[in-house]
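Have a look at the structure below before the remarks.
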Amino acid sequence: MNRTISGFFWISLYLLMVLFPILWMLIPPVPAGRSFWLEFSVALGFVGLTQIAVQFVLIARFQRVTAPYGIDVILRYHRQIALVAVAAILVHPVIIVIENPARLSLMNPFGGNWASRSAWVSVFALALIVVSSVFRERLKLDYEWWRVSHLVLGVVAIVFAQLHVSMAGLYTNTVWKQAVWVGTAALMVGLVVYLRLIKPALQRENRWRVAEVRPERGDTHTLVLEPVNHAGLRFEPGQFAWIKLGRSPFTIEEHPFSFSSSAECTDRLEFGIKELGDFTSRVGEIPVGTRAFLDGPHGAFSIDRYQAPGYVFIAGGVGITPIMSFLRTMADRRDPRPVLLFYAAKEWENVPYTDELERLKETLDLEVVYVLEDPPDDWEGESGFIDREVLERNVPEEEFPRMFFICGPAPMMDAVHEALGEHGVPEAQIQMERFALA
Ligand SMILES: Cc1cc2nc3c(=O)[nH]c(=O)nc-3n(C[C@H](O)[C@H](O)[C@H](O)COP(=O)(O)OP(=O)(O)OC[C@H]3O[C@@H](n4cnc5c(N)ncnc54)[C@H](O)[C@@H]3O)c2cc1C
């Protein structure tokens, strides 16, 4: 209930912030004698700009803002609403010119006045952000450099948009109105400074060290971290943290990984990491003693947030890591609630944690259903993919009121989500974690 209220509060605040420019414009003195379309286009520009400004708050990883929804949902929203904001900003000059074609000269990036030139720089930065984000994979842009350019271009866009607003002078005809717009832009630049400089500086006080790198089956390693000069980190089972490795917390490379260890153990954190790309393929070579910095815990995918009489966990591949955290935590807490785990993988030889899952059955009321894509000849269990038939064959009707947690490859998650919906499982009983934020 608290989270619902908190979610409602943040949505209301968001709406207020977005509508703020229009309310602010209406405070006298208001310029008289302007056409509806001119006023409308200015309102669009202001609302678009405020939306861009709010994006800085959304991506600043404030746990109070992200907790009610989950950071993946916030980032998905960020991607979609930012496009709406850019569209509003682009329509703003189009209406201005249609309303009075004499203003066409302002559309020349090298002509016009300083106000229009500033607008051009801002729009160009926004266009680069959109193209590099939408086509990042097709353009083969390195993830870390894309993130840095995203922030730099965002700052350029907001600063030059602010210059445009101040120089255009519409609705900034009092010191107070000017102060609010300049203050908003300064605040957003300040947020970037906080995220990239102040927060890493604070992380130096809470360093971690690599205590062990343990190979698991299926190209997976368990990275174990221990606190250096502090007591550790409290987290909820299923949450995740951004990890930076190396001497400096100011490094641009950081990766999100789910805690795979028990939330009851705060001074020895474990992360199950599957070799997939540049960084993850090198995890096995990380020397013990390497410095680490954590930003977390983040995320809302946790059994602690969704109490239920029992659980159905559905994991695919490395999506098992937050589920291991659930199970290890429940075992440490001697949690008696029944758990049914579906665990999808390609081949039996490459399924990590199978021995431990057998051991966990001794402490927990746990049943595991493996679903192998490529099963051995003598396999008697489920094969293929997790679909509606597999679920209905293994989940007795009386167990459908349980809470479902799904984590795995996107196609699996979408298929399982759809299958549960078709079976009539309410949306509120389904929690999902996607391992892709970009
Ligand atoms: C909430 C969350 C929890 C996760 N938990 C786990 C886990 O427990 N175990 C695990 O093995 N993997 C986990 N991942 C995935 C893991 O973060 C990526 O596999 C890893 O960052 C890829 O880095 P790379 O350099 O090896 O791959 P690359 O080849 O560089 O990248 C492959 C793709 O991974 C994504 N990616 C790369 N770097 C990052 C980054 N810094 N942040 C976000 N995405 C990135 C990009 O979409 C990229 O195209 C999780 C991801 C998220 C979002």
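We number each residue from 1, following the sequence as shown. In listed order, ligands and their atoms are each counted from 1.
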If you measure every N/O of P256 against every N/O of ligand 1, is any gap under 3.5 Å? yes

So, H221 and E212: side-chain donor and acceptor under 3.5 Å apart, yes or no? no

Residues in side-chain hydrogen bond (donor to acceptor under 3.5 Å, both in side chains) with D365, at least two apart? none

Taking atom CD1 of I323 and atom OH of Y343, what is their separation to the nearest 0.5 Å? 10.0 Å

Any N or O on W242 sitting closer than 3.5 Å to an N or O of ligand 1? no

Could you tell me whether E254 and ligand 1 have an N or O pair separated by under 3.5 Å? yes

Do the side-chain N and O atoms of S166 and Q178 include a donor-acceptor pair separated by under 3.5 angstrom? yes

Would Q239 and H298 count as having a side-chain donor-acceptor pair, cut-off 3.5 Å? no

If you draw the axis of the six-membered ring of Y353, does the NZ or CZ of R328 fall within 45° of it and under 6.0 Å from the ring centre? yes

Between I273 and ligand 1, is there a nitrogen or oxygen pair with a distance under 3.5 Å? no

Yes or no: does F240 have any heavy atom under 4.0 Å from an atom of ligand 1? yes

Checking contacts here: is it the side chain or the backbone of T321 that comes within 4.0 Å of ligand 1, counting heavy atoms only? Could be both or neither. side chain

With no hydrogens and no angle check, just 3.5 Å: does a side-chain donor-acceptor pair link T222 and E270? no

Which atoms of ligand 1 have any heavy atom of E144 under 4.0 Å away? 41 (N)

Indicate yes or no: does an N/O atom of E433 lie under 3.5 Å from an N/O atom of ligand 1? no

Heavy-atom contacts under 4.0 Å between E137 and ligand 1: side chain, backbone, both, or neither? side chain

Close approach of E253 to ligand 1, heavy atoms, under 4.0 angstrom: no

If you measure every N or O of R147 against every N or O of ligand 1, does any of those distances drop under 3.5 Å? no

Geometric cation-pi criterion R117 and W114, 6.0 Å radius, 45° cone: yes

Is any N or O atom of V318, backbone or side chain, closer than 3.5 Å to an N or O atom of ligand 1? no

Side-chain donor-acceptor pair present, H255, E253, cut-off under 3.5 Å: yes

Under 4.0 angstrom from ligand 1, any heavy atom of H298? no

Heavy-atom contact under 4.0 Å between R136 and ligand 1? yes

Any residue meeting ring-ring contact (aromatic ring centres under 6.0 Å, His included) with F271, in chain and number order, not counting sequence neighbours: F259

With heavy atoms under 4.0 Å as the rule, classify the contact between F279 and ligand 1 as side chain, backbone, both or neither. both

